[in-house]
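Have a look at the structure below, then the notes.
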Amino acid sequence: MSEVRDVTEAEASQAHQSPLPWRFLGVLGIAVFGAAWGFLDIMAIAVVDGGESEGTVYAGAYLATTMVFTALTVPQVSRACDRLGDIAAFRLSKLGLVLAWGFAGILMLQGFTDEWLLLVFAPFFGVLAGFSAVLNPLMASRLMGGGEMSRVFAVMSAVAGASWAVGALMGGWISSHVAQGWGVLAAGLATIPFALLSIRPTPTAETAKPLAGPSPAVSTWQMLRSSPELRTAVLLGAALACVVAPVVSLVVPISDELFHQNFILTAGVMMASLSVGEAMAAPLIKWLRRAREDLPAARICGLGCGFLLLLFAADVYAFGDRLVLELIFWVIISLAFGACFYSARALSLGAAVSSGAGGDASRMISVFLFAATVAAPLGVLGWSMAIEYLSVRHALSAAALSTLAVFVLLFRQTKATSGQTPRS
C-alpha cells in the first residue's frame, strides 16, 4: 500500500497562495455545468424513448447500470493510483470523460437516441464516475493544502451546486428547443478545461510505487472490522445513497410524472433548486461542526432529509391538481433538502476519512464510496419501480419513513463512536 506524505504547514501555505486551487474550482464548475445539461439530456432521452409505460424504468435501468460499474470501479481506484500515480490516474479519467461525452453526443446528434445506446455508454460513464468520485476530492484536498475532508467536500459542493443549478436551468431551456444530444456533447466540451488542467504539473505529491498488499476487498474488510467509527460512517453513506439520493438522480422522471407538459424545462428548475441547496451545504456544515463531531452532525442532516421527504410527499398530496403551487413548494423544500442531503454526505465522508482506520486518504474515500455506490443501484431501481407502478407520492412517503427509521436506529452507534465535545 502506498503512503501519502503529510502536508507540512509550509506546503499548506504555499497551496493556499497558489492560483491552482481557484483554477481547480473554476474548471470543476465548468465541468459540472456541462454535466448537468448532459445528465438532463440523457434522462429526457430515456423517459421519452421509454414512453408512457416504461420511461421511468428505462431511466432507472440506465442509472442503475452506471452505478453498478461505478461500484465495481471505486475499490480499484487506489490500486490504479498506486501503479500510475494519483495525478496520472486523474488525468486519464478526465480525458476519458471528454471522449465518452463527446462520442455519445455526436452519435445522438446523428439520430441514435434509442435507450439501448444509453445502456451501451452507461458502463463507460460508470467507470469514469468512479474515478472522479474518489480523485476529485483527493486532488482538491491537496491543492487546498490538506485539511479536513468534510470542509474540502463542502467547498466542492458549493461550487458544484451553483454550477449544476445554472447548467440545469440553461440546459432545461435549451434542450426544450434543440435536438437531443446537444447537452451530451456540451458536457464533453465543458470537461476539456478540466482535462487541460490535469495535464499541467501540480505541487502535489505523487504516490510511491507500492509493495504487494492485500486485495481491495480484503483491505476494505480489515478496515471496517478495525474501526467502529468507519463502519458507522459507511452505513450512513450507504443509507443516504440507497434511500435519499434517488430523489436527486430521478428528478427528470419525477418531473415527467408530476408535470408532464414541458417536463424537461420543469426538471431543470427542480434540479436547479436542489443544487442551490447543495451550495448552501458549506455554511450549514460550518454551523453544525461548531459543537458537534462529523458523525452526530451527519445524523442530524439525515433526519432532516427524512422530514423533508415527508414534506415533498405532502406537497404532492396537497397540490396535485394545482401544478404551479406544487412546483413553487417543491422548489422551496428543495433548497432545504439539498443543503441537508449534501451536508450529510460530506460529513459522513469526512468522518470516514478521519476515522483512523489505517489507510491513506484515497483508500478511505474508496471504502466509503464503494459502500455508497453498491447501495445506490438498489435504491434507484426501487424508486423507479415505485414511481412507475405506484406513484411519486408513494415513493416519497416510503423513502421518508425508511430514512427516519435508519437514522434513528443508527443513533446509538453514532453516539458510541463520536464524542460530543465542542470544537474549539
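Residue numbers run from 1 in the order of the sequence given. For clarity, every value in this text was computed on a predicted model and none was experimentally measured. As a basis for the values below, the full set of heavy atoms in this structure was taken, side chains included, without hydrogen atoms, waters or symmetry mates.
- Inter-residue side-chain proximity for I387 and I254 is flagged as met; some heavy-atom pair is nearer than 4.5 Å.
- Heavy-atom minimum distance, V98 versus A195: CG2-CB, 4.1 Å.
- Under a 3.5 Å cut-off, the side chain of S384 and the backbone N or O of L381 do form a donor-acceptor pair.
- A donor-acceptor pair under 3.5 Å links the side-chain atoms of T403 to the main chain of A399, judged by distance alone.
- Atom OG1 of T66 sits about 7.5 Å away from atom CD1 of I42, to the nearest 0.5 Å.
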Does the side chain to side chain contact (heavy atoms under 4.5 Å, CB included) test come out yes or no for V392 and F312, once each step is laid out?
CA-CA 10 Å; V392 170; F312 277 132; over 6 Å; no
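- Atoms CH2 and OG1, from W330 and T266 in turn, are 12.0 Å apart once rounded to the nearest 0.5 Å.
- Rounded to the nearest 0.5 Å, atoms CG (L40) and CE (M271) are 5.0 Å apart.
- Going from atom CG of L347 over to atom CZ of R289 covers 7.0 Å, rounded to the nearest 0.5 Å.
- You'll find the side chain of M280 stays beyond 4.5 Å of the side chain of L284, heavy atoms only.
- The shortest distance between side-chain heavy atoms of F194 and L97 does not fall below 4.5 Å.
- Considering only heavy atoms from C-beta on, F341 stays 4.5 Å or farther from L309 through its side chain.
- You'll find the side chain of L84 stays beyond 4.5 Å of the side chain of F90, heavy atoms only.
- Checked against side-chain hydrogen bond (donor to acceptor under 3.5 Å, both in side chains), S132 has the following partners two or more places apart in sequence or in another chain: K94.
- Here the closest heavy-atom approach between residue A241 and residue P246 is recorded as O-CD, 3.6 Å.
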What verdict does the side chain to side chain contact (heavy atoms under 4.5 Å, CB included) test give for L404 and L303, after you've listed the backbone C-alpha separation in whole Å, the side-chain angles of each residue and the deciding distance to 0.1 Å?
CA-CA 6 Å; L404 293 172; L303 290 173; 4.2 Å; yes
Decide side chain to side chain contact (heavy atoms under 4.5 Å, CB included) for L107 and F121; before the verdict, give the C-alpha distance in whole Å, the side-chain angles of both, and the deciding distance to 0.1 Å.
CA-CA 11 Å; L107 287 178; F121 275 95; 3.8 Å; yes
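- Closest approach of A64 and V380 over heavy atoms only: N-CG1, 4.2 Å.
- Between L95 atom CG and I192 atom CD1 the span is 10.0 Å, to the nearest 0.5 Å.
- Counting only residues at least two apart or on different chains, the side-chain hydrogen bond (donor to acceptor under 3.5 Å, both in side chains) pairs with a member in residues 35-48 are W37-S175.
- For T70 (side chain) and G126 (main-chain N/O), a donor-acceptor pair under 3.5 Å exists by modelled atom type.
- L99 is not listed as a side-chain neighbour of F124, based on a closest heavy-atom distance of 4.5 Å or more.
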Candidate pair V248 and F337, rule side chain to side chain contact (heavy atoms under 4.5 Å, CB included), full reasoning:
CA-CA 10 Å; V248 179; F337 180 84; 4.1 Å; yes
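- Counting heavy atoms from C-beta on, the side chains of W182 and I174 never come closer than 4.5 Å.
- In this structure, F125 and W101 have tilted ring planes: the angle between them lies in the 30° to 60° band.
- Note that CG of L335 is 10.5 Å distant from CG of L308, once rounded to the nearest 0.5 Å.
- Looking at F407 and I300, their side chains never come closer than 4.5 Å, going by heavy atoms from C-beta outward.
- When all heavy atoms of A239 and V406 are compared, the pair lying nearest together is CB-CG1, 3.5 Å.
- Between the W383 side chain and the V243 main chain, a donor and an acceptor come within less than 3.5 Å of each other.
- Considering all non-hydrogen atoms of both residues, V247 and L274 come closest at O-CD1, 4.3 Å.
- Residue A395 comes nearest to A386 through the heavy atom pair CB-CB, 3.9 Å, listed as atom of the first residue, atom of the second, then distance.
- No donor-acceptor pair closer than 3.5 Å links the side chain of S348 to the backbone N or O of R345.
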